[in-house]
Amino acid sequence: MDRAQIVHDNFLRRVAAGDLPAGAPPADGLSRSEAVSLFRSQCLSRALDRHSRAMQKAGQGYYTIGSSGHEGMAAIAAATRPTDPAFLHYRDAAFQIARGAQVPGQTTTWDMLLSFACSAEDPISGGRHKVLGSKALNIPPQTSTIASHLPKAVGAAYAIGLAKRRPPEHRHYAEDAIAICSFGDASANHSTAQGAFNTAGWTSYQSIPLPLLFVCEDNGIGISVKTPKGWIAAGFAHRPGLKYFSCDGLDIFDTYRAAREAAHYVRTRRKPAFLHVRTVRLYGHAGADMPTTYMPKSEVEAEEANDPLLHSVRLLSQSGALEPQQALDIYNDTCTRVERVAEEAITRPRLKTASDVMASLIPPARPCKPTNGPDAATREAATREAALGPDLKAQSEPQIMSRLINWALTDLMLEHGEIVMMGEDVGRKGGVYGVTQKLITRFGPDRVIDSLLDEQSILGLAIGMAQNGFTPIPEIQFLAYLHNAEDQIRGEAATLPFFSNGQFTNPMVIRIAGLGYQKGFGGHFHNDNSVAVIRDIPGIILACPSNGADAARMLRECVRLAREEQRVVVFLEPIALYPMRDLHDEKDGGWMTTYPERGETIPLASVGTHGDGTDLAIVSFANGHYLSRQAAKRLEADGITTRTIDLRWLSPLPEEALLDAIKGAKRVLIVDETRRTGGIAEALMALISERTNLPHARLTAEDSFIATGPAYAATMPSVDSIVDAATNLVRGKT
């Protein structure tokens with residue numbers, strides 16, 4: 001027999017017979033009406049779990065990972081506030097149901113059944129996934145079954161602590177709110193979770209406000225792998241900067257008591273806490289999982305005998321809140337109601353087309369204060385207060401890229417008080433390459449945050465802050481370091497609008513120093529010429545300038561895209577071009593530019609064109625564009641007229657602008673400093689093949705890592721190789 005049916009039958013039989021499990025008497029704190037309300041939430045969670053399996057069996061539902069055994073989470077919802085953002089474990093239906101009871105007008109049963117049925121009318125995901133979540137209840141949807149949501153919970157808590165000092169234009173969380181983040185005992189072992197715990201403790205240890213309540217739901221097993229007994233308590237009871245609380249999640253009175261204490265500590269002390277909740281897992285992991293295949297039957301039955309709903313019936317009876325027969329009536333009535341509502345939910349329309357599914361990939365625009373650069377008075381004040389005078393005077397003179405990016409960041413932060421930067425070494429040191437120098441002096445440590453050495457915590461901090469109205473500009477020190485944390489972009493930042501139907505967003509501009517051509521420095525750790533992992537993420541914008549003026553204009557557009565269009569933008573800065581001064585000859589200053597007027601931007605989906613030659617169009621970006629400009633001079637001297645086109649925007653590619661830019665050219669050469677496999681050139685070759693009849697070829701980097709020393713550029717395009725490839729294409733030798 002199905003374990004779900006066994007648990008159901010056991011509950012009916014034991015309550016009717018008065019055969020209830022032993023346990024401690026009910027603790028003080030819950031009123032009788034509150035306790036009954038929590039039991040109703042527990043019953044609804046259980047009934048939804050049971051019916052999700054029936055729906056799947058009938059081909060009407062598509063998700064069976066349930067919350068049975070974790071119904072004690074209803075008490076944690078009751079002990080906290082609906083204004084507290086909650087980043088929930090996927091077994092926390094009881095929490096959402098109980099929170100829904102705190103807010104008038106909620107239709108939780110209907111909403112959850114629509115999500116089981118993948119109906120397009122599901123109010124949180126629009127039929128894209130069965131997720132817990134509600135805009136009205138401050139529950140952003142989580143699709144991860146592990147721990148990728150923990151770093152952004154840290155960021156959300158930090159944002160709450162910082163919000164009083166920032167403009168309220170898009171602020172969402174209450175000033176006295178706390179962030180709640182729940183997860184399973186198995187997930188606590190994940191490196192992402194450990195990084196979040198460490199970041200929270202590291203922050204708290206320095207007495208920086210971080211009102212965050214971690215809730216570990218310890219059922220002792222992760223799918224089939226057991227958590228060693230005592231492991232969670234041993235690991236967290238004495239963790240620096242993290243106050244430890246514990247309770248029996250089978251007991252709603254004890255859970256409510258502990259959760260109230262923990263929430264009060266976090267809310268009043270503005271420090272993080274860890275609430276360890278003992279639970280059981282009923283039914284196995286999901287519908288297809290049979291726990292008796294990897295656990296002794298006696299052990300499974302012992303867990304089932306500890307059904308938290310049986311404990312609730314006992315506790316309600318002992319407190320005088322509800323007699324067992326009344327509890328049984330509530331349980332049966334709830335099951336009947338769920339079946340009745342489900343009959344209607346399964347008839348509601350579902351997504352059908354690709355456009356239906358993709359409609360929420362791009363979040364909706366939001367109203368923002370108009371922007372055109374900081375006004376003169378603001379700049380004048382900053383000149384006096386932050387020693388900006390010398391920089392302002394130098395802006396009329398040609399400068400290197402790194403300095404222009406610094407000035408663009410300064411102006412953007414002067415104009416938008418909600419912009420916050422974070423990253424390793426961005427503050428006191430001013431960045432490894434000096435790009436962020438003086439910013440901490442100009443704006444203070446709460447807007448230019450020197451983070452700990454952990455990329456997933458840097459991005460998690462940004463994601464969480466973005467959900468409270470900030471515009472974060474996190475820095476990943478080197479492109480190669482992104483791989484330590486890329487799931488924070490793919491699995492968290494990019495998916496939030498998709499799985500919330502655009503209701504939740506985390507707009508930001510992620511600055512990354514990358515690409516190759518650094519002479520003799522760092523090898524593949526500091527030279528990474530692959531952007532495939534970024535371009536592969538739906539909805540992400542990838543910008544990559546080749547010179548300082550473009551970098552300033554594009555950075556302004558990136559911030560606009562984040563602030564006004566709620567986009568997640570990656571701003572990839574080519575390290576080798578940071579200090580570049582000359583183009584053709586030593587000391588010609590040909591690659592330096594002046595700082596563009598404050599209102600100038602380069603729009604998304606546009607390209608830059610240099611020259612108007614018709615023999616050949618060279619399409620490239622970043623270092624490749626710089627080298628192509630050098631190659632073009634040699635080609636012109638050889639009688640080959642050229643134009644060089646700077647892509648600027650690598651995802652989505654500026655297809656129409658590019659096709660317009662190559663009109664009139666007889667041939668196209670693509671120069672791509674990323675790798676042959678998975679590089680930009682693959683998409684460009686396909687575009688030109690599909691949309692034109694022009695002869696075309698590509699010159700790419702080899703499928704290799706980058707070496708340190710004299711061979712630093714050996715695997716990538718060079719001026720000589722560009723000239724050779726161009727000559728061969730024009731002369732018909734390819």
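These numbers come from a predicted model, not from an experiment.
Within the 4.5 Å cutoff, side-chain heavy atoms of Tyr517 are placed close to those of Pro717. When side chains are defined from C-beta on, Ile473 counts as touching Arg511, because their heavy atoms get closer than 4.5 Å. Two residues are said to be in side-chain contact when any heavy atoms from C-beta on lie closer than 4.5 Å; Leu496 and Gln467 meet this criterion. Counting only heavy atoms from C-beta outward, the side chains of His149 and Cys181 approach each other to under 4.5 Å. Inter-residue side-chain proximity for Phe443 and Leu414 is flagged as met; some heavy-atom pair is nearer than 4.5 Å. Looking at Ile463 and Met508, their side chains come closer than 4.5 Å, going by heavy atoms from C-beta outward. Side-chain contact between Lys152 and Gln142 is present, with at least one heavy-atom pair separated by less than 4.5 Å. For the pair Pro85/Ile160, a side-chain contact is recorded, criterion being any heavy-atom separation below 4.5 Å from C-beta on.
Evaluated for a side chain to side chain contact (heavy atoms under 4.5 Å, CB included) with Glu475, the options Val509, Ile512, Val426, Ile458 yield exactly one hit, Val426. Residue Val559 is tested with Leu409, Ile419, Thr601, Val569 for a side chain to side chain contact (heavy atoms under 4.5 Å, CB included); the sole match is Ile419.
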Evaluate side-chain contact (heavy atoms from CB on, under 4.5 Å) for Leu650 paired with Val570, printing each intermediate quantity in order. CA-CA 10 Å; Leu650 306 186; Val570 175; over 6 Å; no

Evaluate the criterion side-chain contact (heavy atoms from CB on, under 4.5 Å) for residue pair His584 and Trp591; output intermediate values, then yes/no. CA-CA 9 Å; His584 298 297; Trp591 209 248; over 6 Å; no

Phe621 and Asp672: side-chain contact (heavy atoms from CB on, under 4.5 Å), yes or no, with the steps? CA-CA 7 Å; Phe621 60 94; Asp672 180 7; 3.5 Å; yes

Should Asp454 and Asn198 be marked as a side-chain contact (heavy atoms from CB on, under 4.5 Å) after you check the CA-CA gap, both sets of side-chain angles, and the distance that decides it? CA-CA 10 Å; Asp454 179 22; Asn198 184 69; over 6 Å; no

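A donor-acceptor pair under 3.5 Å links the side-chain atoms of Arg447 to the main chain of Met413, judged by distance alone. No donor-acceptor pair closer than 3.5 Å links the side chain of Ser204 to the backbone N or O of Ala200. Using a distance-only test at 3.5 Å, with no hydrogens or angles considered, a donor-acceptor pair links the side chain of Asp450 to the main chain of Gly427. At least one donor-acceptor pair under 3.5 Å links the side chain of Thr674 to the backbone N or O of Ile680. Gln566 contributes no side-chain N or O that, together with a main-chain N or O of Thr505, makes up a donor-acceptor pair within less than 3.5 Å. No donor-acceptor distance shorter than 3.5 angstrom exists from the side chain of Gln518 to the backbone of Asn527, with no hydrogens or angles considered. Checking side-chain atoms of Gln630 against main-chain N and O of Leu583 turns up a donor-acceptor pair under 3.5 Å. Checking side-chain atoms of Gln488 against main-chain N and O of Pro151 turns up no donor-acceptor pair under 3.5 Å. Panel note: side chain Asn529, backbone Gly516; no donor-acceptor pair is recorded below 3.5 Å. A donor-acceptor distance shorter than 3.5 angstrom exists from the side chain of Asn406 to the backbone of Gln437, with no hydrogens or angles considered.
Taking the six-membered ring where tryptophan is involved, the planes of Phe197 and Phe183 are tilted, since the angle between them lies from 30° to 60°. Between Tyr433 and Tyr578, the angle of the ring planes lies from 30° to 60°, which puts this pair in the tilted group.
With a 6.0 Å radius and a threshold of 12 heavy atoms from other residues, nucleotides or ligands, Arg239 has its CZ atom above the threshold. Atom CZ of Arg428 has 12 or fewer heavy atoms from other residues, nucleotides or ligands within 6.0 Å. Around atom CD of Gln206, more than 12 heavy atoms belonging to other residues, nucleotides or ligands sit under 6.0 Å away. More than 12 non-hydrogen atoms from other residues, nucleotides or ligands lie less than 6.0 angstrom from NE2 of His483. Heavy-atom neighbours of Lys135 NZ from other residues, nucleotides or ligands within 6.0 Å: above the threshold of 12.
Contact check on Asp84 versus Arg267 returns a salt bridge, with a Lys/Arg side-chain nitrogen under 4.0 Å from an Asp/Glu carboxylate oxygen. Under a 4.0 Å N-O distance rule, the pair Glu418/Arg171 does not qualify as a salt bridge. Remark: Arg675 engages Asp528 in a salt bridge, criterion side-chain N to carboxylate O under 4.0 Å. Electrostatic pairing of Glu564 and Arg560 counts as a salt bridge here, judged by a charged N lying under 4.0 Å from a carboxylate O.
Shown here for Pro652 and Ile541, the closest heavy-atom pair between the two residues is CD-CG1, 4.3 Å. Residue Ala179 comes nearest to Ala153 through the heavy atom pair CB-O, 4.0 Å, listed as atom of the first residue, atom of the second, then distance. The two residues Asp585 and Asp582 have their closest heavy-atom pair at O-CB, 3.3 Å. Smallest separation of non-hydrogen atoms from Pro507 and Arg366: CG-NH2, 3.8 Å. Of all heavy-atom pairs between Ala462 and Pro474, the closest is CB-CG, 3.7 Å. Across all their heavy atoms, Pro545 and Asp550 have their closest contact at CB-C, 4.2 Å.
In this structure, CG on Leu213 lies 10.0 Å from CZ on Phe274, to the nearest 0.5 angstrom. Put simply, OG on Ser620 and CD on Glu673 are 6.5 Å apart, with the number rounded to the nearest 0.5 Å. Separating the CG atom in Asn506 from the OG atom in Ser500 is a distance of 8.5 Å, to the nearest 0.5 Å. Cys544 SG to Phe571 CZ: the interatomic distance, rounded to the nearest 0.5 Å, is 8.0 Å. Here Leu658 contributes atom CG and Ser606 contributes atom OG; the two are 11.5 Å apart, rounded to the nearest 0.5 Å. Atom CG of Leu572 and atom CD1 of Ile510 lie 11.5 Å apart (nearest 0.5 Å).
Note: Tyr158 and Phe470 fail the aromatic proximity criterion, with ring centroids not under 6.0 Å apart.
Side chains of Asn547 and His625: no donor on one and acceptor on the other come within 3.5 Å. One side chain, Asp646 or Ser546, offers a donor N or O that lies under 3.5 Å from an acceptor on the other.
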